[in-house]
Amino acid sequence: MACKCELRRKIREAAVPWVPERTVYMDYNATTPVDPRVIGAFERACRRTWGNPSSLHSAGSAGWNELEQLNSAASDFFGVNADGFELCNSGTDAIAAILFGLCSRKNDLNIITTAVEHQAVRHPLFHLARKTPLAPRGYAGSVLTLPVDYNGMLSVPLLEKTFSRTFPGPGSTALILSPVNHETGSIQPVKEIAAAARKFGALVILDSVQAAARLQPSEWAPFCDIFCISGHKLYAPKGTALIWSRPGIRLSTIRRGTENVPGAAALCEALKLMKLQQQDEIKMLEALCRDGVSILEKTGLGFTIETPEKSAPGILCISFKSDVDLEELLFMLNRMNICISRFSACSERLSGQSAVLRAMGRPAKRASGSIRISLGRFSRRDDFYKLASALKTIIN
């Protein structure tokens, strides 16, 4: 759900024209621009392979081939079997399908998560924990949220202790977390976490929506039973996502309608491009963040870097040391054609404390004065110079 806060009303009333060519876009974690090469694949499918893949004729067969090519490209990029993929509409839908699907098949499944997860994870877990009407009928399991350390990481010894004391039975537990935090870029020790989970026969589910674009798949994909990704975080159009699960895992709430064939073709092309470019993009984003911090520090504005030293490339969370009206700050940045956010785009608020930073042990003042800068494929060093100049004008 898009934000309903006062800032949205002010932005709409200000009617600042949205001209992408003149805009400094620093909110890639919310969504990415569509790569022109991906647009080409989308348009080709709209023109040539628009048949319903379920139809038993040549037009349907052409549409089905697009889905198979997507599965093949995803298998090649993530290094997993191609038969494990399911196409759906969004990362949020994927996570809900995973959690509700597992719990409808095993109604006593216990779920462990962390205190820094995205709203897309927290929302279905809220309904499962409280047994609301949205939860699968008869669900009787429990939901446990574990704390993280100052760097946003889950403690492996704590996880093992939780398994042994609370959910000791094999197959009784599933763990869901994101390898890359959407707000700070913190990286979870996925390999070690998965090893601990498997000692106790627990499923490992990864919300890999942010990780897919910022970490090489070899760092996380081999260490889970289920993961999901979203096309619009990978320079593809909105409306496509993928769930992958190991053989033998069934998610009963997935209901396949008519597949988005052009979207599948676009996501296929996006994954092929990621396969070719990801290593270079990671290096570029790491260098860009280092330069960006240096540029911002030269403004003389007091701020604290909240992103841990070990973090995903292209994500920079900072908090201002002085009292800053964040709603006014983001409004003025928008008037100066600079797009930045605080929390995830799914948040229904702008003001207040960052739940992620508070969970990471940050003081209330710092958690109340944070912004998130997220970069991507089309970001440039000059973006930071423009941001630095704008911040000096607004804050000073």
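Each residue takes its place number in the sequence, starting with 1.
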message: Applying a strict under-4.5 Å side-chain criterion to I, L, V, M, F, W and Y, I'd like to know whether Ile229 and Ile282 cluster together.
response: no
- request: Examine the side chains of Ser186 and Thr184 and answer whether a donor and an acceptor come within less than 3.5 Å of each other.
  value: yes
Contact check, side chains of Leu375 and Met26, non-hydrogen atoms, under 4.5 Å: yes
- prompt: Taking only residues two or more places apart in sequence, or in another chain, which ones meet Ser142 in a side chain to side chain donor-acceptor pair (under 3.5 Å)?
  reply: Asn110
task: Report yes or no: does Gln188 contribute a side-chain atom to a donor-acceptor pair with the main-chain N or O of Asn181 at less than 3.5 Å?
output: no
- prompt: After noting the C-alpha distance and the side-chain angles of Met360 and Val148, does the key distance pass the side-chain contact (heavy atoms from CB on, under 4.5 Å) rule?
  reply: CA-CA 6 Å; Met360 291 170 62; Val148 296; 4.1 Å; yes
query: So, does Ser75 use its side chain to make a donor-acceptor pair with the main chain of Asn71 at under 3.5 Å?
result: no
task: Give a yes or no on whether the backbone of Tyr28 and the side-chain of Ser374 come within a donor-acceptor separation of less than 3.5 Å.
output: yes
- request: Please assess Tyr139 against Phe100 for the test ring-ring contact (aromatic ring centres under 6.0 Å, His included), listing each intermediate value before the final yes or no.
  value: CA-CA 9 Å; Tyr139 175 67; Phe100 290 151; 9.0 Å; no
task: Apply side-chain contact (heavy atoms from CB on, under 4.5 Å) to Cys103 and Ile111, showing your working.
output: CA-CA 9 Å; Cys103 291; Ile111 301 175; 3.6 Å; yes
Within-4.5 Å side-chain heavy-atom neighbours: Leu102 and Ile226: yes
task: Please test Asn65 against Thr49 for side-chain contact (heavy atoms from CB on, under 4.5 Å), starting from the C-alpha separation and ending with a verdict.
output: CA-CA 9 Å; Asn65 286 340; Thr49 56; over 6 Å; no
field: Side-chain heavy-atom pair Thr240, Leu70 within 4.5 angstrom cut-off
entry: no
query: What distance do Glu297 atom CD and Ile318 atom CD1 have between them, rounded to the nearest 0.5 Å?
result: 10.0 Å
message: Can you confirm whether Ile205 sits close enough to Asp225 that some side-chain heavy atom of one is under 4.5 Å from a side-chain heavy atom of the other?
response: no
- request: Check Ser379 against Leu288 and note the closest heavy-atom contact, atom names and distance.
  value: CB-CD2, 3.6 Å
message: Which residue is it: Lys233, Arg214, Glu183? I am looking for the one with a side chain to side chain donor-acceptor pair (under 3.5 Å) to Asn29.
response: Arg214
task: Kindly indicate whether the side chain of Arg335, heavy atoms from C-beta on, has any atom under 4.5 Å from the side chain of Met332.
output: yes
- request: Starting from Met153, walk the hydrophobic network (Ile, Leu, Val, Met, Phe, Trp, Tyr; side-chain heavy atoms closer than 4.5 Å) and list everyone else you reach, by chain and number.
  value: none
statement: What one should report as the nearest heavy-atom pair of Leu154 and Pro147 is CD1-O, 3.8 Å
- prompt: Is a donor on one side and an acceptor on the other found under 3.5 Å between the side chain of His118 and the backbone of Val121?
  reply: no
- prompt: Would Leu273 and Leu267 show up in the same hydrophobic cluster when neighbours are defined by side-chain heavy atoms closer than 4.5 Å?
  reply: no
message: Do Glu66 and Arg44 have side chains that approach each other closer than 4.5 Å (heavy atoms only, starting at C-beta)?
response: yes
message: Between Thr114 and Glu117, is there a side-chain donor-acceptor contact under 3.5 Å, judged purely by atom types and distance?
response: yes
task: Grab the two heavy atoms, one from Cys317 and one from Thr307, that are nearest each other, plus how far apart they are.
output: N-OG1, 2.7 Å
query: Would a 4.5 Å heavy-atom cut-off, applied to side chains only, mark Leu296 and Ile373 as touching?
result: yes
- prompt: Taking all non-hydrogen atoms of both residues, which atom of Thr92 and which atom of Ala120 are closest, and how far apart?
  reply: OG1-CB, 3.7 Å
- request: For a side chain to side chain contact (heavy atoms under 4.5 Å, CB included) with Leu203, tell me which candidate from Ile249, Thr173, Leu175 qualifies.
  value: Ile249
task: Give the cluster check for Phe320 versus Val356: same hydrophobic cluster or not, with ILVMFWY residues linked at side-chain heavy-atom distances below 4.5 Å.
output: no
statement: Paired with Val24, the side chain to side chain contact (heavy atoms under 4.5 Å, CB included) test is passed by just one of Met336, Arg380, Lys386, namely Lys386
message: Testing the basics here: between Gly91 and Ser230, what is the closest heavy-atom pair and its distance to 0.1 Å?
response: N-OG, 3.8 Å
message: So, taking the atom named CG in Asp83 and the one named CZ in Phe85, what distance separates them when rounded to the nearest 0.5 Å?
response: 10.0 Å
message: Between Asn89 and Lys238, is the side-chain contact (heavy atoms from CB on, under 4.5 Å) condition met? List the steps.
response: CA-CA 8 Å; Asn89 295 329; Lys238 298 167 185 62; over 6 Å; no
message: I'd like to know if the side chain of Thr166 reaches the main chain of Phe163, judged simply by a donor and an acceptor atom lying under 3.5 Å from each other, with no hydrogens or angles considered.
response: no
- prompt: Hey, does the side chain of Arg377 reach the backbone of Glu281 with a donor-acceptor pair shorter than 3.5 angstrom?
  reply: no
message: Quick check for you: to the nearest 0.5 Å, what is the distance between Ser61 atom OG and Asn52 atom CG?
response: 12.5 Å
query: For the atom pair CG (Leu134) and CG (Leu128), what is the distance rounded to the nearest 0.5 Å?
result: 9.5 Å
- prompt: Is the cationic atom of Arg362 (NZ for Lys, CZ for Arg) positioned less than 6.0 Å from the six-membered ring centroid of Tyr150 and within 45 degrees of its normal?
  reply: yes
- prompt: Does the Ser354 side chain pair with the main chain of Leu357, one donor and one acceptor, at a distance under 3.5 Å?
  reply: yes
query: Do Leu87 and Phe42 belong to the same hydrophobic cluster, where Ile, Leu, Val, Met, Phe, Trp and Tyr are linked whenever their side-chain heavy atoms lie under 4.5 Å apart, directly or via other members?
result: no
statement: The side chain to side chain contact (heavy atoms under 4.5 Å, CB included) partner of Tyr25 among Asn337, Thr31, Thr32, Asp383 is Thr31
- request: Under 4.5 Å between side-chain heavy atoms, chaining through other members, with only Ile, Leu, Val, Met, Phe, Trp and Tyr counted: pull out the rest of the cluster around Leu56, sorted by chain and number.
  value: none
- request: Taking all heavy atoms of Pro179 and all of Asp207, pick out the closest pair and write down the distance.
  value: CD-O, 3.4 Å
message: Under a 3.5 Å distance rule, please check whether Gln278 uses its side chain to pair with a backbone N or O of Ala212 as donor and acceptor.
response: yes
field: Between CD1 on residue Ile176 and OG1 on residue Thr113, distance to nearest 0.5 Å
entry: 6.0 Å
task: Quick one: do Glu269 and Arg37 satisfy salt bridge (Lys or Arg N to Asp or Glu O under 4.0 Å)? Show the steps, please.
output: CA-CA 8 Å; Glu269 183 66 19; Arg37 295 165 289 184; over 6 Å; no
- request: Check whether Ile95 and Leu109 end up in the same hydrophobic cluster, where Ile, Leu, Val, Met, Phe, Trp and Tyr are linked by side-chain heavy atoms less than 4.5 Å apart.
  value: yes
statement: dist Ser54:OG -> Trp64:CH2 (nearest 0.5 Å) comes out at 6.5 Å
- prompt: Would you say the side-chain atoms of Thr162 pair up with the backbone N or O of Leu158, donor to acceptor, closer than 3.5 Å?
  reply: yes
field: Polar side-chain atom of Lys131 near backbone of Gly141 as donor-acceptor pair, under 3.5 Å
entry: yes
- prompt: Would one find more than 12 heavy atoms of other residues, nucleotides or ligands at under 6.0 Å from atom CZ of Arg48?
  reply: no
message: Check this for me, if you would: do Arg372 and Asp27 make a salt bridge, where the nitrogen-to-carboxylate-oxygen distance has to be below 4.0 angstrom?
response: yes
message: salt bridge (Lys or Arg N to Asp or Glu O under 4.0 Å), that's the test. Do Arg165 and Glu160 meet it? Break it down for me.
response: CA-CA 9 Å; Arg165 293 184 177 179; Glu160 290 187 334; over 6 Å; no
Sub-4.5 Å side-chain heavy-atom contact between Cys289 and Asp291: no
